[in-house]
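A short write-up of the structure that comes next.
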Amino acid sequence: MDFAEGVPCWVDATLPDVEGGKRFYGELFGWTFEDGSPAECEPDGGSGQGGGSRPGGWSGQSGWSGPGGRSGPGVQYTRAFLGGEPVAGLAPKSDGRMPTSWTVYLATPDAAALAVRVKGAGGQMITDPVPVGPYGTVGLAADPEGAVFGLWQAGTHPGFGRQREPGSFCWTEVYARSTEVDLFYEGVFGYGSLDLEDELGDGGEDFRIWSPAGTEAGPGTAFGGRAVMADGFPPEMPPHFLNYFVVADCDAAIATARRLGGRVRDEPVDTPYGRIGALVDNQGAAFAVLQEPDRRSG
């Protein structure tokens, strides 16, 4: 599967308890898992900023120690599979100061050049690009408001083997405090953009969708977007990405997440693009689920 520059190509969650994460997401999404061997070494460089995280070298015969800054003695990166194809990763927190969160990785043919553009546009590189064996090159960046995302230059691991089907990734949104971040993402990645009217009916939501550079911007080509955090968001909540996964039944998925110890961040609501709800897993990582319109009963 090929990915245009700036398009999401992978997601992973950094968790205090990977085994607990496997139980939660395995039951919620039907994932199976394959563990990498403990990382015995790290690539040179890439210590970066932001709490000391650095990319781990891929290790083991069947797995990897991750594209998102989690390596060291005994650390294992776990890949999640759906129908035998990779769909996500789970990584153990190597430092308690690291956030428990999902990270989206944006594809690039040249991570080093992209890092230069990120810095030139007012963002920062938390972890500069570094090779992870033959699998690719990874970096961790933040936009001018501090929302964190990954960079992935594919080698032998291109990214998602499945997406936009039940149990897999389908969409990402950056929740920002200002529309000024549009200049950053559209300047760095060349995204085409389209502003949408308030789709949820609560009035005044400022929402923009993004499509890959060189395509006509619109719902048919969009992969994600930008939402402005309005008064309903806690003032202490930092700008962040929210990643969506397709489910066959939104309400059933939310009920399952609750039963497994998760909680609801935003109750499910119908939109023209499907029924959506935002969740927090049983360890504190936020994500969202989407039931596509043609999967709704009645």
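Both backbone and side-chain heavy atoms feed into the values below; hydrogens, waters and symmetry mates do not. If you're wondering where the values come from, they're calculated on a predicted model, not measured in any experiment.
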Item to check | Candidate pair Val247 and Phe29, rule side-chain contact (heavy atoms from CB on, under 4.5 Å), full reasoning | outcome: CA-CA 8 Å; Val247 292; Phe29 293 139; 3.8 Å; yes
Next on the checklist: Using a 3.5 Å distance criterion without hydrogens, assess whether the side chain of Thr221 forms a donor-acceptor pair with backbone atoms of Glu216.
Outcome noted: yes
Checklist entry - For Ser211, does its backbone N or O pair with a side-chain atom of Thr215 as donor and acceptor, under 3.5 Å? => result no
Next on the checklist: Ring-plane angle category for Phe233 and Tyr175, please: parallel below 30°, perpendicular beyond 60°, tilted otherwise.
Outcome noted: tilted
Next on the checklist: Walk me through whether Arg226 and Asp206 qualify under salt bridge (Lys or Arg N to Asp or Glu O under 4.0 Å).
Outcome noted: CA-CA 8 Å; Arg226 182 270 302 142; Asp206 191 328; 3.0 Å; yes
Checklist entry - In terms of hydrophobic clustering (I, L, V, M, F, W, Y; side-chain heavy atoms under 4.5 Å; direct or indirect links), are Leu183 and Val228 co-clustered? => result no
Next on the checklist: If I compare all heavy atoms of Gly167 with all of Val87, which pair ends up nearest, and what's the gap?
Outcome noted: O-CG2, 4.4 Å
Checklist outcome for this item: Separation between CG (Leu151) and OG1 (Thr108), nearest 0.5 Å, reads 7.0 Å
Next on the checklist: Applying the ring pair (Phe, Tyr, Trp, His ring centres under 6.0 Å) criterion to Tyr25, which one of Trp102, Phe33, Phe81 satisfies it?
Outcome noted: Trp102
Next on the checklist: Between Tyr244 and Glu173, is the side-chain hydrogen bond (donor to acceptor under 3.5 Å, both in side chains) condition met? List the steps.
Outcome noted: CA-CA 8 Å; Tyr244 287 71; Glu173 291 169 359; 3.1 Å; yes
Next on the checklist: Please determine whether the number of non-hydrogen atoms from other residues, nucleotides or ligands lying under 6.0 Å from atom CZ of Arg263 exceeds 12.
Outcome noted: no
Checklist entry - Between Ala248 and Pro166, which heavy-atom pair has the shortest distance, and what is it? => result N-CB, 4.2 Å
Checklist entry - Out of curiosity, Leu106 CG to Gln153 CD, how far, rounded to the nearest 0.5 Å? => result 14.0 Å
Checklist entry - Quick one: does Asp128's side chain get under 4.5 Å of Lys119's, heavy atoms only? => result yes
Checklist entry - Quick one: does Phe184's side chain get under 4.5 Å of Asp182's, heavy atoms only? => result no
Item to check | Minimum heavy-atom distance between Ala142 and Ile126, given as atom pair plus value | outcome: CB-CD1, 4.1 Å
Checklist outcome for this item: Distance col, row Ile276:CD1 vs Cys250:SG, nearest 0.5 angstrom, shows 8.0 Å
Checklist entry - Hey, mind stepping through Gln283 and Thr100 against side-chain hydrogen bond (donor to acceptor under 3.5 Å, both in side chains) and telling me if it holds? => result CA-CA 7 Å; Gln283 300 185 56; Thr100 299; over 6 Å; no
Checklist entry - Taking 4.0 angstrom as the limit, do Glu5 and Arg117 come out as a salt bridge? => result yes
Item to check | Side chain proximity check, Leu114 to Val188, heavy atoms < 4.5 angstrom | outcome: yes
Next on the checklist: Tell me whether the rings of Tyr191 and Tyr185 are parallel (<30°), tilted (30 to 60°) or perpendicular (>60°).
Outcome noted: parallel
Checklist entry - Just how far is it from atom NE2 of His240 to atom CZ of Phe149, taken to the nearest 0.5 Å? => result 15.0 Å
Next on the checklist: When you compare the side chain of Phe207 with that of Asp195, does any pair of heavy atoms fall below 4.5 Å?
Outcome noted: no
Checklist entry - Does anything in residues 133-162 pair up under salt bridge (charged side-chain N to carboxylate O under 4.0 Å, His left out), and if so which pairs, sequence neighbours excluded? => result Arg162-Glu165
Item to check | Closest heavy-atom pair and its distance - Leu140, Gly150 | outcome: CD1-CA, 4.0 Å
Checklist outcome for this item: Nearest heavy-atom approach of Leu242 to Ala286 is CD1-C, 4.1 Å
Item to check | N-O pairing of Asp251 and Arg275 below 4.0 Å | outcome: yes
Item to check | Side-chain touch Pro8/Tyr105, heavy atoms, less than 4.5 angstrom | outcome: no
Checklist entry - What's the verdict on side-chain hydrogen bond (donor to acceptor under 3.5 Å, both in side chains) for Thr78 and Lys22, showing C-alpha distance, side-chain angles and the deciding distance? => result CA-CA 9 Å; Thr78 298; Lys22 289 161 70 172; 4.9 Å; no
Next on the checklist: Do Ile209 and Val269 sit in one hydrophobic cluster, given that two such residues count as connected whenever their side-chain heavy atoms are within less than 4.5 Å of each other, even indirectly?
Outcome noted: yes
Checklist entry - About how many Å separate CG of Leu279 and CD of Glu267, when rounded to the nearest 0.5 Å? => result 9.0 Å
Checklist entry - With a 4.5 Å limit on heavy-atom distance, are the side chains of Asp12 and Tyr77 in contact? => result yes
Next on the checklist: I'd like to know whether Val130 forms a side-chain contact (heavy atoms from CB on, under 4.5 Å) with Thr137, so could you lay out the CA-CA distance, the side-chain angles of the two residues, the decisive distance to 0.1 Å, and finally the verdict.
Outcome noted: CA-CA 5 Å; Val130 61; Thr137 298; 5.7 Å; no
Checklist entry - Is there a side-chain contact between Pro219 and Leu194 (heavy atoms, below 4.5 Å)? => result yes
Next on the checklist: Distance check, rounded to the nearest 0.5 Å: Ile254 atom CD1 versus Arg259 atom CZ?
Outcome noted: 14.0 Å
Item to check | Trp152 side chain vs His157 backbone, donor-acceptor pair below 3.5 Å | outcome: yes
Checklist entry - Leu260 and Phe245: same hydrophobic cluster, using ILVMFWY side-chain contacts below 4.5 Å? => result yes
Next on the checklist: With a 3.5 Å distance limit and no angle check, can you tell me whether Lys93 reaches the backbone of Thr14 through a side-chain donor-acceptor pair?
Outcome noted: no
Item to check | Arg164 bridged to Glu292 by N-O distance under 4.0 Å | outcome: no
Checklist entry - Between Glu180 and Arg208, is the closest basic N to carboxylate O distance under 4.0 Å? => result no
Item to check | Ring geometry between Trp10 and Phe160 (parallel below 30°, tilted from 30 to 60°, perpendicular above 60°) | outcome: tilted
Checklist entry - Can you get from Phe189 to Val116 by hopping between Ile, Leu, Val, Met, Phe, Trp and Tyr side chains that sit under 4.5 Å apart? => result no
Checklist entry - Under a 4.5 Å cut-off applied to non-hydrogen side-chain atoms, are Leu90 and Gln76 in contact? => result no
Item to check | Derivation of the side-chain contact (heavy atoms from CB on, under 4.5 Å) call for Trp171 and Leu290 | outcome: CA-CA 9 Å; Trp171 185 261; Leu290 164 69; 5.7 Å; no
Checklist entry - Do Leu196 and Met229 share a hydrophobic cluster (ILVMFWY, side-chain heavy atoms under 4.5 Å, transitive)? => result yes
Checklist entry - Could you walk me through whether Leu15 and Asp281 pass the side-chain contact (heavy atoms from CB on, under 4.5 Å) check? => result CA-CA 10 Å; Leu15 303 172; Asp281 71 18; 3.7 Å; yes
Checklist outcome for this item: Nearest heavy-atom contact between Pro129 and Ala111 is CG-O, 3.5 Å
